[in-house]
Every structure is written in structure tokens, then in C-alpha cells.
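All chains are named by letter (A, B, ...) in the order of the sequence lines, taking the proteins before the strands, and each is independently numbered beginning at 1. The shown structure was predicted, so the numbers you read here are calculated from the model rather than taken from an experiment.
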Amino acid sequence: MTSLRPLPREFYARPAFRVARALLGRALVHDGPQGRVAGRIVEVEAYRSAGDPASHAFRGPTPRNRVMFGEPGHAYVYFTYGMHHCLNLVCEPAGQAAAVLIRAFEPLAGAHVMRARRGVEESMRLGRGPGCVAQALGIDRSHDGLDLSAGPLFIAQAPPQLGSHRIVAGPRIGIRVALERDWRFWLAGHPCVSASRGTPKPALATPGTSHSR
DNA sequence: GTATCGATTAGC
DNA sequence: CTAATCGATACA
């Protein structure tokens, strides 16, 4: 876990939907002031560049979403509900505002740091949910715009070994995935149940086909 | 200026 | 189910 290299910017320069899929199972790493923390990405949500009313970029550039319109391979971090941060990875060429929201991970390194930040003991709750992901990793608005190919925050080139994952359609778009047995999903329109949280919403028929709310 | 809601979470 | 809590957004 010591000599990990970040994925290059080119990795992100393609449709968010494809980047999202390629991110599943990979290691998300943050070398912060309290040391290295890392997790294996198990759930992602893609926001496409055009015609997606659910995207922050739908109405054009603003101070908040401007990094979404910039170069791929950068972090888009926003503050929401007055208390949570969410981490996105900017995709597609500059000018096309697409990104992938990291929704959940499984701890790979620095779990003790994550526990301290989260105030939670259970490993399953350290990185479950986009707000928890940012909190566990120690990510906030100061990380907005960070270059993922050069900074302390990155996706490792070599994904950690382990398990197979399923790719499924998410409630908002893009895709969701799971590795753990107790995670269930939406698979190409076939409703399953999210054991992690909440009640399942109607699924999409086709991954990559976005819809609002 | 005010009102409303949010790419959420924790708790009852 | 709701409170928390504040920035972004819509509108007068």
C-alpha cells in the first residue's frame, strides 16, 4: 500500500458512465494530515454532461460547479444540506461537465482514522453513503478542484484484488454496484433491495439513461 | 430582500 | 417518519 500510483488524467477523459464502471473495485486513496486512508469503491453514480436535469451542471457554469466544466481528472467537491460534503471525479473533455459521485467504499487502509472522523465503529458504516465517504476520507471544500493525477487524492492504478462485482442501474442514472453480500441493487430494471439504507426506488431500464428525481 | 429545497444522514 | 443546518437557487 505504499507505492501506489495515481491513474492518469486520460482515464477520466471519456463518458462518465464508462468512468463510473471502471472505478468500481478500485482503490480511492487520500494521503491526509493524519496519514493514508483508502477504500475500495463499491458504489458510484454518474452524472452525464448534457440533458441531465439531476446534474448540478444542468443550468450551466456557476461558482460552485465550475470545476465540472474543466479538465477531467479533478475533484469536484460540494457542500450540501448544510452539513455534508460529496466527492465527485470530473470526467470527459473540458467543456463537458460530467462527473461521477463516489457513493460508497469499503475500508482498505486507515480505518482507525476513519473511525475517529466518523465517530463510528462499525466498518460497514465508515464509507456507506456519499456524505460518509467524504467525512471518512477527510475531504471538504478545500479539496474542490484538486488534480487527481498529482495530488494527495487519487485512484490507484492497480485495483485491489478481491471479489467480483455486479453492475446495475441506479435510481438516478448511471450505475451502482456491489461487492458485499448484503448489498443488493437494481439490475437492468429488475428491482432489488438496497440493504444498506432506505427503500428501493423504481429502477431504470437502461444504465446510462438518466432521468430526473 | 424572502422562501424553498437539496446528488444526505442519524435517530426515533 | 423528521430534524439538522446553510448554500444555491428562484422569485418578488
Side-chain angles (χ1 to χ4, degrees), chain A residues 12 15-17 19-21 23-24 28 39 41-70 72 74-92 96-107 114-146 148 153 168-178 183 185-186 194-204 207-213:
Chain A
Y12 304 91
F17 174 44
V19 175
R21 198 162 90 175
L23 284 170
L24 292 169
L28 170 60
I41 297 171
V42 297
E43 186 175 344
V44 294
E45 192 165 322
Y47 287 85
R48 54 182 220 222
S49 57
D52 187 351
S55 171
H56 286 171
F58 183 58
R59 296 165 200 286
T62 68
R64 176 176 71 161
N65 67 22
R66 63 182 186 77
V67 328
M68 282 185 77
F69 289 84
H74 290 254
Y76 165 50
V77 182
Y78 66 89
F79 182 62
T80 191
Y81 287 97
M83 58 189 87
H84 305 298
H85 294 275
C86 291
L87 170 65
N88 301 259
L89 312 186
V90 176
C91 305
E92 305 190 14
Q96 298 182 48
V100 174
L101 172 68
I102 308 300
R103 296 196 58 90
F105 67 71
E106 296 175 349
M114 297 180 187
R115 289 194 174 88
R117 288 173 175 154
R118 292 269 301 111
V120 163
E121 290 300 313
E122 305 161 68
S123 296
M124 286 298 292
R125 290 184 54 193
L126 293 180
R128 177 191 292 177
C132 300
V133 166
Q135 185 178 40
L137 293 175
I139 299 296
D140 59 35
R141 275 168 294 184
S142 72
H143 299 82
D144 189 41
L146 271 194
L148 299 172
L153 178 65
V168 300
R172 281 186 183 277
I173 47 156
I175 57 192
R176 288 197 168 197
V177 166
W183 289 65
F185 313 90
W186 292 266
S194 172
S196 61
R197 186 200 312 275
T199 306
K201 302 163 192 168
L204 296 172
T209 301
S210 179
H211 68 143
S212 59
R213 302 186 50 103

Quiz item: Rounded to the Å, how far apart are A/His85 NE2 and B/dT9 P?
Solution: 13 Å
Quiz prompt | Closest to the A/Arg59 side chain, choosing from C/dT5, C/dA10, B/dT8 | solution = C/dA10
Quiz item: What's the spacing between A/Arg128 CZ and A/Glu43 CD if we round to 0.5 Å?
Solution: 10.0 Å
Quiz item: Is the shortest side-chain N/O distance from A/Arg103 to OP1 or OP2 of B/dT8 below 4.0 Å?
Solution: yes
Exercise. Between A/His84 and A/Arg141, name the one whose nearest nucleotide on DNA chain C is closer to the 5' end.
Key: A/His84
Quiz item: So does A/Arg118 get a side-chain nitrogen or oxygen closer than 4.0 Å to the phosphate oxygens (OP1/OP2) of B/dT9?
Solution: no
Quiz item: Whole Å only: how far is the CG atom of A/Asn88 from the P atom of B/dA7?
Solution: 11 Å
Practice problem: Write down the distance between CZ (A/Phe79) and P (C/dA4), rounded to a whole number of angstrom. | Solution: 16 Å
Quiz prompt | Below 4.0 Å: OP1/OP2 of B/dA7 and any side-chain N or O of A/His56 | solution = yes
Quiz prompt | Residues A/Tyr76, A/His56; criterion side-chain hydrogen bond (donor to acceptor under 3.5 Å, both in side chains); working and verdict | solution = CA-CA 11 Å; A/Tyr76 165 50; A/His56 286 171; 2.7 Å; yes
Quiz item: A/Glu122 has an atom CD; how far is it from atom P of B/dA10, in whole Å?
Solution: 10 Å
Quiz item: Does the aromatic ring of A/Tyr78 sit over the six-membered base ring of B/dA7, closer than 5.5 Å centre to centre and tilted less than 30°?
Solution: no
Exercise. Figure out the CD/C1' separation between A/Gln135 and B/dA10, and round it to whole Å.
Key: 11 Å
Quiz item: Please give, in whole Å, the distance from B/dA7 P to A/Arg128 CZ?
Solution: 22 Å
Practice problem: Specify the separation, in whole Å, of atom CZ of A/Arg117 and atom P of B/dT9. | Solution: 17 Å
Quiz item: Looking only at side chains, do A/Tyr12 and A/His74 share a donor and an acceptor under 3.5 Å apart?
Solution: no
Practice problem: Compare the minimum distances between each of B/dA7, C/dA4, B/dT8 and the side chain of A/Met68, then state the nucleotide with the smallest one. | Solution: B/dA7
Self-check item: Check: A/Arg117/A/Gln135 side-chain N/O donor and acceptor closer than 3.5 Å
Solution: no
Quiz item: Under 3.5 Å, is there a donor-acceptor pair between the side chain of A/Arg103 and the main chain of A/Pro130?
Solution: no
Quiz item: Under 4.0 Å between a side-chain N/O of A/Arg125 and OP1 or OP2 of B/dT9, yes or no?
Solution: no
Quiz item: Please, what dot-bracket string fits DNA chain C when only Watson-Crick and G-U pairs with both distances under 3.5 Å count, crossing ones use [ ] and pairs to another strand use |?
Solution: ||||.||||||.
Exercise. Without swapping roles, check the side chain of A/Arg118 against the backbone of A/Ala136 for a donor-acceptor pair under 3.5 Å.
Key: no
Practice problem: Measure from the side-chain N and O atoms of A/Asn65 to the backbone N and O of A/Gly60, and report whether any donor-acceptor pair falls under 3.5 Å. | Solution: yes
Quiz item: Is the ring of A/Tyr81 stacked on the base of B/dG6, with centres less than 5.5 Å apart and planes under 30° off?
Solution: yes
Quiz item: In whole Å, what is the span from the CG atom of A/Asp144 to the P atom of C/dG7?
Solution: 15 Å
